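Not measured: the values here are computed from a predicted model. Sequence lines set the chain letters: A, B, ... in the order given, protein chains first and strands last, and positions in each chain run from 1.
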Protein chains: 2
Amino acid sequence: MPYERLKTAILKHVPFSDEEAATFCNAFQPQRYKPKEYLLRAGEICRFEGFVAQGCLRVFALDARGGEHVLYFAPEDWWVTDLDSFTNQQPSWLFVQALEPSTVLQITKADKDRLYAALPATEKLFRIMGQKTLVALQRRMLSALSQTADARYLAFVGKYPALAQRLTQQQVAAYLGITHEFLSKIRRRLGQKK
Amino acid sequence: MPYERLKTAILKHVPFSDEEAATFCNAFQPQRYKPKEYLLRAGEICRFEGFVAQGCLRVFALDARGGEHVLYFAPEDWWVTDLDSFTNQQPSWLFVQALEPSTVLQITKADKDRLYAALPATEKLFRIMGQKTLVALQRRMLSALSQTADARYLAFVGKYPALAQRLTQQQVAAYLGITHEFLSKIRRRLGQKK
DNA sequence: GGCAACCATTGAACTAGTTCACCAAGTGCC
DNA sequence: GGCACTTGGTGAACTAGTTCAATGGTTGCC
């Protein structure tokens with residue numbers, strides 16, 4: 001049951017009763033995606049906020065020359081949306097794509113607004129989750145400003161070893177902000193055979 | 001009156017009555033800082049969340065070799081804290097320093113928690129402000145991943161022209177993730193005399 | 001009013017990371 | 001079972017950005 005993961009995840013932050021948790025979870029619709037399938041493309045309006053029950057997605061942007069740059073990966077238990085496009089219902093500049101066969105529990109903007117009204121603790125839930133995301137992104141920003149690609153790569157595999165295994169090197173490179181050729185050279189230098 | 005700026009700022013996001021707004025604002029204490037004065041140093045626990053009523057601060061980190069890297073600047077109407085250290089009351093890895101003579105309205109963790117309890121809309125207020133900060137940081141992260149230093153510099157002065165005037169080039173460079181020497185060369189190349 | 005900091009600029013030598021072209025191995029598809 | 005496609009690796013030439021050292025101009029301080 002994909003809803004169990006969602007229930008467990010939210011109860012970590014907010015003390016919902018069983019009924020409240022059910023009200024919360026029932027506002028989400030499960031959707032399955034095949035590898036390479038897009039949930040959102042730049043120019044579209046993001047109609048969902050999703051909780052990944054299974055699989056792995058990526059959120060990325062294209063630069064002027066067609067290069068892909070990964071904002072984040074979303075494996076199981078992560079949330080995925082274009083926050084700006086979703087909250088303001090305006091055109092996105094991001095792509096959201098499944099990397100593996102994935103199941104995502106999705107909520108619409110209207111249903112999320114209903115949740116805020118029906119269960120006030122929802123405010124706190126998303127405030128806290130947003131704060132954690134912000135702290136993590138601040139760390140990554142500082143890492144981008146201050147560390148060399150070698151150090152960023154080591155930090156990434158150190159922090160997310162299981163995820164690093166699931167991703168191709170191209171995806172990892174697009175997250176680190178380097179070319180996959182250079183990542184290959186870093187790995188050789190570090191003697192990483194894995 | 002420094003509280004007027006704070007009141008105006010919060011009423012943009014949340015419909016407080018005059019009494020509620022007063023309750024909110026009175027939880028904050030004004031503090032004045034001289035240029036170069038530190039509000040927080042790495043290793044300390046961040047005891048405040050602040051609203052800048054006047055002046056300008058910077059939040060930065062040191063790398064292994066002593067280089068400074070700016071996470072963000074906080075001029076008038078911006079909020080400033082080490083979110084991680086403040087919310088979890090654990091040692092910080094950041095520095096917060098005044099760049100100009102500044103007045104900051106500050107709240108402690110305990111008083112902020114009291115606000116959350118006394119005025120539930122406070123949850124919404126900080127959820128929304130957090131979301132906006134997150135969206136802005138996502139944009140900056142993608143810019144760091146995908147753009148050259150020239151483009152990032154132009155984007156910065158384009159987005160924050162007044163702020164760029166107030167800062168030294170060293171500060172701007174530490175925000176862009178380049179050396180101030182290289183920033184100087186970029187500016188020459190662009191023919192910027194300002 | 002003079003000295004000490006700090007700031008912006010510049011040039012030369014260097015290094016981290018890119019680009020392009022190519023090759024080998026795996027994987028999935030029909 | 002074969003073919004197309006994607007992936008990972010490698011080398012050579014290149015470029016964006018760093019490092020170091022030096023200079024001159026402001027600014028602020030006592």
Side-chain angles (χ1 to χ4, degrees), chain A residues 33-37 55-56 58 60 62-70 73 97-101 143-157 163-194, chain B residues 34-37 56 58 60 62-70 73 97-101 143-157 163-194:
Chain A
Y33 297 98
K34 286 183 285 212
K36 303 195 185 168
E37 198 171 345
C56 186
R58 64 171 180 154
F60 70 99
L62 290 183
D63 65 30
R65 290 165 44 212
E68 300 179 349
H69 305 276
V70 172
F73 299 108
Q97 184 188 35
L99 293 173
E100 304 175 1
S143 155
L145 289 178
S146 64
Q147 294 193 287
T148 146
D150 294 57
R152 272 161 21 229
Y153 172 66
L154 287 174
F156 179 70
V157 297
L163 181 58
Q165 300 281 15
R166 292 165 80 171
L167 300 169
T168 67
Q169 314 249 130
Q170 326 244 5
Q171 298 305 332
V172 174
Y175 176 88
L176 294 176
I178 57 177
T179 61
H180 68 279
E181 293 98 327
F182 189 54
L183 177 54
S184 173
K185 286 160 196 173
I186 287 175
R187 283 162 51 87
R188 176 176 39 160
R189 207 182 322 167
L190 296 174
Q192 297 239 355
K193 291 309 151 205
K194 276 283 186 56
Chain B
K34 285 183 286 212
K36 303 194 186 172
E37 199 172 345
C56 185
R58 64 170 178 154
F60 70 99
L62 291 183
D63 64 29
R65 289 165 46 211
E68 300 180 348
H69 305 276
V70 172
F73 300 107
Q97 184 187 36
L99 293 173
E100 304 176 359
S143 155
L145 290 177
S146 64
Q147 294 192 287
T148 153
D150 294 56
R152 274 161 20 230
Y153 171 66
L154 287 174
F156 179 71
V157 297
L163 180 59
Q165 300 282 16
R166 292 164 81 171
L167 300 169
T168 66
Q169 314 245 135
Q170 327 241 7
Q171 298 306 333
V172 174
Y175 177 89
L176 296 176
I178 57 177
T179 60
H180 69 279
E181 292 97 327
F182 189 54
L183 177 53
S184 174
K185 286 160 196 174
I186 288 175
R187 284 162 51 86
R188 178 177 35 162
R189 206 182 319 165
L190 296 174
Q192 297 241 352
K193 291 308 152 211
K194 275 284 186 56

Student: Find the distance A/L190:CG to D/dG8:P and express it as a whole number of Å.
Tutor: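 After rounding, the gap between these two atoms is 16 Å.
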Student: How long is the gap from CG on B/L167 to CZ on B/F73, to the nearest 0.5 Å?
Tutor: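 Those atoms lie 4.5 Å apart.
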Student: Between CD1 of B/I186 and CD1 of B/I178, what distance do you get to the nearest 0.5 Å?
Tutor: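 B/I186 atom CD1 to B/I178 atom CD1 measures 4.0 Å (nearest 0.5 Å).
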Student: Would you please name every residue forming a side chain to side chain contact (heavy atoms under 4.5 Å, CB included) with A/Q147, sequence neighbours left out?
Tutor: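 If we apply the side chain to side chain contact (heavy atoms under 4.5 Å, CB included) test to A/Q147, skipping adjacent residues, the hits are A/S143, A/A151, A/R152.
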Student: How close or far is atom C1' of C/dG28 from atom NZ of A/K34, stated in whole angstroms?
Tutor: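 Value for this atom pair: 15 Å.
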Student: To the closest 0.5 Å, what do you measure between CZ (B/F60) and CG (A/L145)?
Tutor: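 Rounded to the nearest 0.5 Å, the CZ-CG separation comes out at 13.5 Å.
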Student: Is there a side-chain polar atom (N or O) of B/R188 under 4.0 Å from OP1 or OP2 of C/dT9?
Tutor: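 No, outside the criterion.
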Student: Expressed as a whole number of angstroms, how long is the span from B/Q171:CD to C/dA8:P?
Tutor: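 Taking atom P of C/dA8 as the reference, CD of B/Q171 is at 9 Å.
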Student: At under 4.0 Å between heavy atoms, what does A/H180 touch on the DNA or RNA strands: base, sugar-phosphate, or nothing?
Tutor: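 No contact.
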Student: Please confirm whether the backbone N or O of A/K36 pairs with a side-chain atom of A/Q97, one donor and one acceptor, at under 3.5 Å?
Tutor: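 Yes, because the side chain of A/Q97 sits within donor-acceptor range (under 3.5 Å) of the backbone of A/K36.
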Student: Please compare B/K36 and B/S184 by the position of their nearest nucleotide in DNA chain C and report the one closer to 5'.
Tutor: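 Closest to the 5' end, via its nearest nucleotide, is B/K36.
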Student: What distance separates B/T179 OG1 from B/E181 CD, expressed to the nearest 0.5 Å?
Tutor: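 It is 4.5 Å, given to the nearest 0.5 Å.
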Student: Nearest 0.5 angstrom please: B/D63 CG to B/E68 CD, how far?
Tutor: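 Between atom CG of B/D63 and atom CD of B/E68 there are 9.5 Å.
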Student: Could you tell me whether the phosphate oxygens of D/dG9, OP1 or OP2, come under 4.0 Å of any side-chain nitrogen or oxygen in A/R187?
Tutor: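 Answer is yes, contact under 4.0 Å.
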Student: Whole-Å distance between D/dG9 P and A/Q170 CD?
Tutor: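 Result: 10 Å.
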Student: If you restrict it to nitrogen or oxygen atoms, what contacts under 3.5 Å exist between nucleotides 14-18 of chain D and the protein, and what is each distance?
Tutor:
unit_1 : atom_1 : unit_2 : atom_2 : d
D/dG17 : OP1    : B/A149 : N      : 3.2
D/dG17 : OP2    : B/T148 : OG1    : 3.4
D/dT18 : OP2    : B/T179 : N      : 3.1
D/dT18 : OP2    : B/T179 : OG1    : 3.3

Student: To the nearest 0.5 Å, how far apart are CG in A/D150 and CZ in A/R189?
Tutor: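 Between atom CG of A/D150 and atom CZ of A/R189 there are 4.5 Å.
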Student: How bent is the helix from C/dG1-D/dC30 to C/dC30-D/dG1, measuring the angle between the end axes built from five pairs each, rounded to 10°?
Tutor: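 Taking five pairs per end, the axes differ by 60°.
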Student: Do the side-chain N and O atoms of A/Y153 and A/R187 include a donor-acceptor pair separated by under 3.5 angstrom?
Tutor: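 On atom types as modelled, these side chains qualify, holding a pair under 3.5 Å.
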